[in-house]
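Inspection log for the structure reproduced underneath, given as structure tokens.
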Amino acid sequence: MTTLRIGLAGLGRLGQRYAENLARAVPRAELVAACSPVESEREWARETLGIPVIHDSYERMLADPSIDAVFLVTPTSLHPAQIEQALDAGKHVFCEKPLSLDLDECRRAAEHADKSTKRAMVGFVRRFDESYRNAYRHIAAGGIGHPFLVYSQTADLADPSGAFIKFAPTSGGIFLDCSVHDVDLARWLLGRPKAVKAYATGTVAMYPALKEIGDIDNGIAIVEFEGGRMAMFHASRTQAHGHDTHTDVTGTAGKVSVGRNPRADRVEISDAAGVRNTVLPSFYERFAPAFVTQAKHFVDAILDETPFDLTMEDAVEATRIAIAMRESLQSGQPVLLD
Ligand code: NAI
């Protein structure tokens, strides 16, 4: 095989970005089909992508024997069943995070992948960002001594229209939707220690509609790992200045920070009001190149038969910890992770 023939499921907010990347930016990928149950999304794909086949059902797309792999950018609640269906149909699978909202489903999907002759990977895009990779290499080379503390936040620009609220009931809550990225980073940057305990709390600062569905718009959590390692997480939907994702890792001989100033570009304006820069509006502007790198990594790993940088076990573990954070938020008690 010289190229990987791909079918893409989901053409929503993020799926359309994947479609453009797979069609134009990943040299060894051939986007040969896409599917969505929504006619306006299929029309977008016909007009924008120029790909030969657009299906109205996932099952019909899977029935095409010429497709080697599927990319799932569908609602999270569908991920585990769609992963299993794809593997059973003889396709490799890339799936957007998180793996599932339910731990048993996560484990079943991972076991299914283990037993299959085809391969599955869940995307955690920050691992493919150049700055995070540099930080990882610096830490792995001993640059900060023994790393023992991570602070990591995912904080979205406030949206006065509250448009995100319609996604909230199916997102699993702010920790599973947003902090799961930070949890995966913390495990990766601390050397994959076992998590032992989670504590969380949160508040509704701006969007009362979230209270009705048991969600929050700002949450904080602490996770203890074995060997005295720790992480602190902040997830927010209410930032006034922009999308502000950043991470600090502290070790016995130093500290690495990624993205402390979430600047949109390298322009800095100084005047009588002070010194300032503009800020990124959303996650996609921040991580656009990493989404391409991640797709290339998946395609290369399948074609060259090399390992994925992250495993299904990593995806299960990130979800397990984020679910424990949600449980602690709901109960007000620490949650033990055995
Ligand atoms: P969305 O709701 O905008 O898009 C979902 C898409 O799936 C729509 O095109 C919908 O028509 C399609 N769909 C629904 N049922 C389907 C089925 N049975 N078969 C095929 N397609 C189906 O959602 P969004 O925001 O694009 O999120 C999709 C996934 O991407 C979620 O799992 C989310 O957690 C993840 N995501 C990851 C981000 C990251 O930073 N890595 C950021 C945003 C989303």
Side-chain angles (χ1 to χ4, degrees), residues 7-21 33-45 48-49 53-63 67 70-86 89 91 93-102 105-106 109 121-129 132 152-157 159 163-185 235 237 243 245 280-295 298 310 315 318-319 322:
L8 171 68
L11 291 164
R13 193 170 59 133
L14 191 58
Q16 294 189 1
R17 308 297 188 128
Y18 268 88
E20 287 170 334
N21 287 343
C35 73
S36 163
V38 178
E39 171 52 26
S40 59
E41 294 176 355
R42 296 197 295 275
E43 193 180 318
W44 174 88
T48 319
L49 301 172
V53 193
I54 318 265
H55 295 278
D56 59 7
S57 106
Y58 180 58
E59 289 72 19
R60 267 190 279 280
M61 188 172 84
L62 285 185
I67 292 176
V70 297
F71 271 61
L72 297 176
V73 197
T74 49
T76 301
S77 55
L78 303 180
H79 291 171
Q82 288 185 329
I83 289 173
E84 293 178 22
Q85 280 175 282
K91 321 288 185 206
V93 197
F94 172 89
C95 178
E96 248 305 327
K97 62 57 66 180
L99 174 50
S100 170
L101 304 177
D102 177 273
E105 281 186 357
C106 278
M121 176 182 137
V122 175
F124 279 98
V125 69
R126 293 181 198 173
R127 291 209 195 192
F128 298 91
D129 172 72
Y132 277 106
S152 195
Q153 71 171 49
T154 299
D156 282 337
L157 177 63
D159 172 4
F164 73 92
I165 291 168
K166 78 170 190 268
F167 297 102
T170 53
S171 71
I174 199 166
F175 290 138
L176 265 162
D177 194 30
C178 300
S179 304
V180 74
H181 284 291
D182 303 288
V183 170
D184 179 65
L185 281 179
R237 311 260 191 209
H243 175 81
T245 282
L280 292 158
S282 84
F283 75 93
Y284 199 77
E285 287 75 14
R286 169 66 182 85
F287 292 107
F291 278 101
V292 175
T293 307
Q294 178 176 248
F298 176 85
L310 50 92
T319 313

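Whatever order the structure lists them in is the order used to number ligands and atoms, beginning at 1.
The single protein non-hydrogen atom nearest to atom 2 (O) of ligand 1 is Phe167 CE2, 3.4 Å, given as residue, atom name and distance. Atom 35 (C) of ligand 1 has as its closest protein heavy atom Lys97 O, 3.5 Å. Protein heavy atom in closest approach to atom 37 (C) of ligand 1: Glu96 OE1, 3.1 Å. Closest to atom 25 (O) of ligand 1 among all protein heavy atoms lies Arg13 NE, 2.9 Å.
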Handout entry: Audit row: Glu39, Glu43, side-chain contact (heavy atoms from CB on, under 4.5 Å) steps and yes/no
Key = CA-CA 6 Å; Glu39 171 52 26; Glu43 193 180 318; 4.1 Å; yes

Handout entry: Chi angles and distances behind the side-chain contact (heavy atoms from CB on, under 4.5 Å) call for Arg237, Asp159
Key = CA-CA 8 Å; Arg237 311 260 191 209; Asp159 172 4; over 6 Å; no

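Residue Tyr18 does not touch ligand 1, judged by heavy-atom distances below 4.0 Å. No part of Phe287 comes within 4.0 Å of ligand 1, judged by heavy-atom distances.
Near Gln82, meaning under 4.0 Å from one of its heavy atoms, ligand 1 places the atoms 17 (C), 18 (N), 19 (N). Per-residue contacts place His181 under 4.0 angstrom from the following atoms of ligand 1 (heavy atoms of the residue considered): 39 (C), 40 (O), 41 (N). Atoms of ligand 1 lying under 4.0 Å from any heavy atom of Leu14, numbered from 1 in the order shown and given with element: 26 (O), 30 (O), 36 (N), 37 (C), 38 (C), 42 (C), 43 (C), 44 (C). Of all atoms in ligand 1, listed by their number and element, those nearer than 4.0 Å to a heavy atom of Ser36 are 11 (O).
Under a 4.0 angstrom heavy-atom cut-off, Tyr284 registers as lying outside contact with ligand 1.
A cation-pi arrangement is absent between Arg126 and Phe283, since the terminal nitrogen or guanidinium carbon is not both under 6.0 Å from the aromatic centre and inside a 45° cone about the axis.
Nearest-heavy-atom check against atom 20 (C) of ligand 1 across Thr74, Leu101, Asp177 picks out Thr74. Evaluated by nearest non-hydrogen atom to atom 22 (C) of ligand 1, the leading choice among Pro37, Gly10, Ser282 is Pro37.
Within the structure, salt bridge (charged side-chain N to carboxylate O under 4.0 Å, His left out) pairs that include any residue of residues 72-86 do not occur (at least two apart or interchain).
Residues His79 and Ser77 have side chains that never bring a donor and an acceptor to within less than 3.5 angstrom of each other.
Protein non-hydrogen atoms do not reach within 4.0 Å of atom 27 (O) of ligand 1.
Remark: Arg127 engages Asp184 in a salt bridge, criterion side-chain N to carboxylate O under 4.0 Å.
Ring orientation note: the planes of Phe291 and Tyr284 are close to parallel, at an angle under 30° on the 30°/60° scale.
Scored by the side chain to side chain donor-acceptor pair (under 3.5 Å) test, His55 finds no partners at all (sequence neighbours excluded).
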